[in-house]
Amino acid sequence: MRDVWKRFRQSGPAVVGLVILAALALMGASAPLLSHYDPTAQDLSSAFIRPNAAHPFGTDFLGRDILTRIVYGARYSLVIGLLAVLFGAVVGVPLGLVSGYFGGWVDLVLQRVTDVLLSFPNILLALALVAILGVGLQNVIFSVGVSTIPVFIRVSRGSVLTVRELTYVQAARAAGATSLRILGRHVLPNVLAPIVVQATLSIGFTILAAAGLGFLGLGVQPPTPEWGSMLGESRTYVFSAPYTMTFPGLAIFLAVLAFNLVGDGLRDALDPFLAD
Amino acid sequence: MKGFTSYLVARLGTSLVTLFGVAVAVFLLVRLLPGDPARVIAGLLATPDEVERIRHQLGFDRPETVQFAIFLGHLAVGDLGVSARTSEPVARELASRLPYTIELALAATVVGSLAGILAGVASATRRRTFWDYVLSLGSLGGISMPVYWSGVLLMIVFAVDLRWFPAAGASQPTSIVLPGVTLAFFSMAFVTRMTRASMLDVLRQDFVRTAYAKGLDGRRVVFRHALQNAFIPIVTVIGLQFGNLLGGAVLTETVFAWPGLGQLLVQSIEARDYPMVQGIILVYATMVIVVNFAVDMLYAYIDPRVRYT
């Protein structure tokens, strides 16, 4: 573990990613201390103020300070991204472990189900689910979370296949351990590395997808200061006030980039560890 | 070629099973609606008579198994029902939208793949140089970029400020440039990363060293020997990318008011036009399955080893 951290630390881009993430998390957590503006209070008399000293990122069509909304918005995007991936992993990983460990018809059925889910790539599955369940915070987390399930099934299944026949698993089996115990105590800890890497990269995807739903007006609803819906709300004014779209988009980009940098760094740091 | 035919048949079987699964999923989707689906589809203002009419028209008053059999029967003849919003056949509307989505996705795939392969090769052959870092960081930036933001930025610069291309719609021949470039950039980022990784793998191998030792021209070694052997993972990623791209196209079409399936999907979700949503989802999934099948066939054809795994 210490080796992994050491290798991770030596990668410049990965550390930059981690620093961006820490900054965004801190920003969301201490939002009320960072700005004295209210993120949702409307004041039409100060609508569309260009970026200046009082409003570094300007104000939007309802006179709300954009920087304040972005600071508060960090809470939504990060929490949505984390919870959606947590949901996808909690459902997907056990299914993948079972599928890879037992094989046979269980594997066959689960793999065909995964194929079906993978036929709705990217944001399509989330869109289909939101169409039925309706918009709002919980439905967004659920819909985007469901769309990460198939990749967790695939990654954990693939990893189990490589350790299933190794001596320590066979020894546990010979010693009479139950399948549940073997999977939980012996297999899972040894396939955790690729799952953690996948989870980190998936958070990037879930943030993009959730903000995409917000942009389409099918995600977290106004007046919540969610970055995607801020972009969506400002679309009408893109020609007259382009700065209202510049900064929320930049925030989404930075958050996703940070998770991808950390994910790449983790993968490189864990790879030699796996090869041992 | 015997191995190829049996592989083709087996792979076709899997695709058909997946397609069937997709039909089941799309059928179940509308039945997941909270409450009474006929009531929801009819809308808040519908009278009880209208709700009953819709219930009967959509077959919700029959057993589920019968409903599913009827649904499949209609699918088999290309009948996707009628739109709840316009009362026009769903299939007709989809047929008029599909060409736009295909045009956009194909243009982005071709441009993005070519640019991505070139960038990936350049990056791999200049490993750990300035240009490698720029291209690697650029492609990571590309996969982290929301298309609904990069599209807007392109629109502000090239449609609003410079007025080189139309900002929205599909009325002029140059209309496709901005949405096309937005999506191509997205696709290029993935292909660049895969090409770089795959090329680095191949460039390490003995036959490449042999080719250099024979005194062959560097460009020839890279493009004739190395790239050809790095091609399978690249083709795979381009195939997988196509599905991903269709998802990105939903957002890009909305940004640029491009009259494809994605824009229609978003409008139909807003209007709670469930027959239309079902039809669009089904068409997207079918495209993904067909492209994945084609890619698998392509590399089973290129590389005989694939057929026996």
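Protein chains get the first letters and strands the later ones, always in sequence-line order, with residue 1 at the start of each. What you are looking at is a predicted structure, and each value in this text was computed from that prediction instead of being measured.
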Side chain, backbone, both or neither: which part of [X] has an atom under 4.5 Å from a heavy atom of chain B?
X        : value
A:Leu133 : neither
A:Leu125 : neither
A:Phe253 : both
A:Leu231 : side chain
A:Leu218 : side chain
A:Ala211 : both

Which donor-acceptor pairs lie under 3.5 Å between chain A and chain B?
| from | atom 1 | to | atom 2 | distance (Å) |
| --- | --- | --- | --- | --- |
| A:Asn122 | ND2 | B:Asn244 | O | 2.9 |
| A:Asn122 | ND2 | B:Asn244 | OD1 | 2.5 |
| A:Ala131 | O | B:Tyr274 | OH | 3.3 |
| A:Leu208 | O | B:Tyr148 | OH | 2.8 |
| A:Gly212 | N | B:Tyr148 | OH | 3.1 |
| A:Arg235 | NH2 | B:Thr254 | O | 3.2 |
| A:Met245 | O | B:Trp149 | NE1 | 3.1 |
| A:Thr246 | O | B:Trp149 | NE1 | 3.2 |
| A:Asn260 | ND2 | B:Ser144 | OG | 2.9 |
| A:Asp264 | OD1 | B:Arg193 | NH2 | 3.1 |
| A:Asp264 | OD2 | B:Arg193 | NH1 | 3.1 |
| A:Asp264 | OD2 | B:Arg193 | NH2 | 3.2 |

Please report the interatomic distance [atom1]([X]) to [atom2]([Y]), rounded to the nearest 0.5 Å.
X        : Y        : atom1 : atom2 : result
A:Leu127 : B:Leu265 : CG    : CG    : 5.5 Å
A:Leu129 : B:Ile281 : CG    : CD1   : 9.0 Å
B:Ile143 : A:Leu201 : CD1   : CG    : 7.5 Å

Name the option with the most non-hydrogen atom pairs under 4.5 Å to chain B; the candidates are [options].
options                                : value
A:Gly204, A:Ala128, A:Gly134           : A:Ala128
A:Ile207, A:Val130, A:Val113, A:Leu250 : A:Leu250
A:Leu208, A:Ile123, A:Leu261           : A:Leu208

So which heavy atom on [X] is nearest to which on [Y], and how close?
X        : Y        : value
B:Leu251 : A:Gly212 : CD2-O, 3.7 Å
B:Val288 : A:Leu118 : CG1-O, 4.1 Å
B:Pro146 : A:Ile252 : CG-CG2, 3.6 Å

At a heavy-atom separation under 4.5 Å, does [X] approach chain A through its side chain, its backbone, both, or neither?
X        : value
B:Met287 : neither
B:Leu140 : both
B:Ile289 : side chain
B:Ala159 : neither

Q) Could you give all pairs that pass the ring pair (Phe, Tyr, Trp, His ring centres under 6.0 Å) test and reach residues 114-161 of chain A, with sequence neighbours left out? A)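 Only A:Phe87-A:Phe142 qualify under ring pair (Phe, Tyr, Trp, His ring centres under 6.0 Å).
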Q) Out of B:Val277, B:Val152, B:Leu240, which one racks up the most heavy-atom pairs below 4.5 Å with chain A? A) B:Val152
**Q.** B:Phe242 atom CZ, neighbour heavy-atom count above 12 within 6.0 Å
**A.** yes
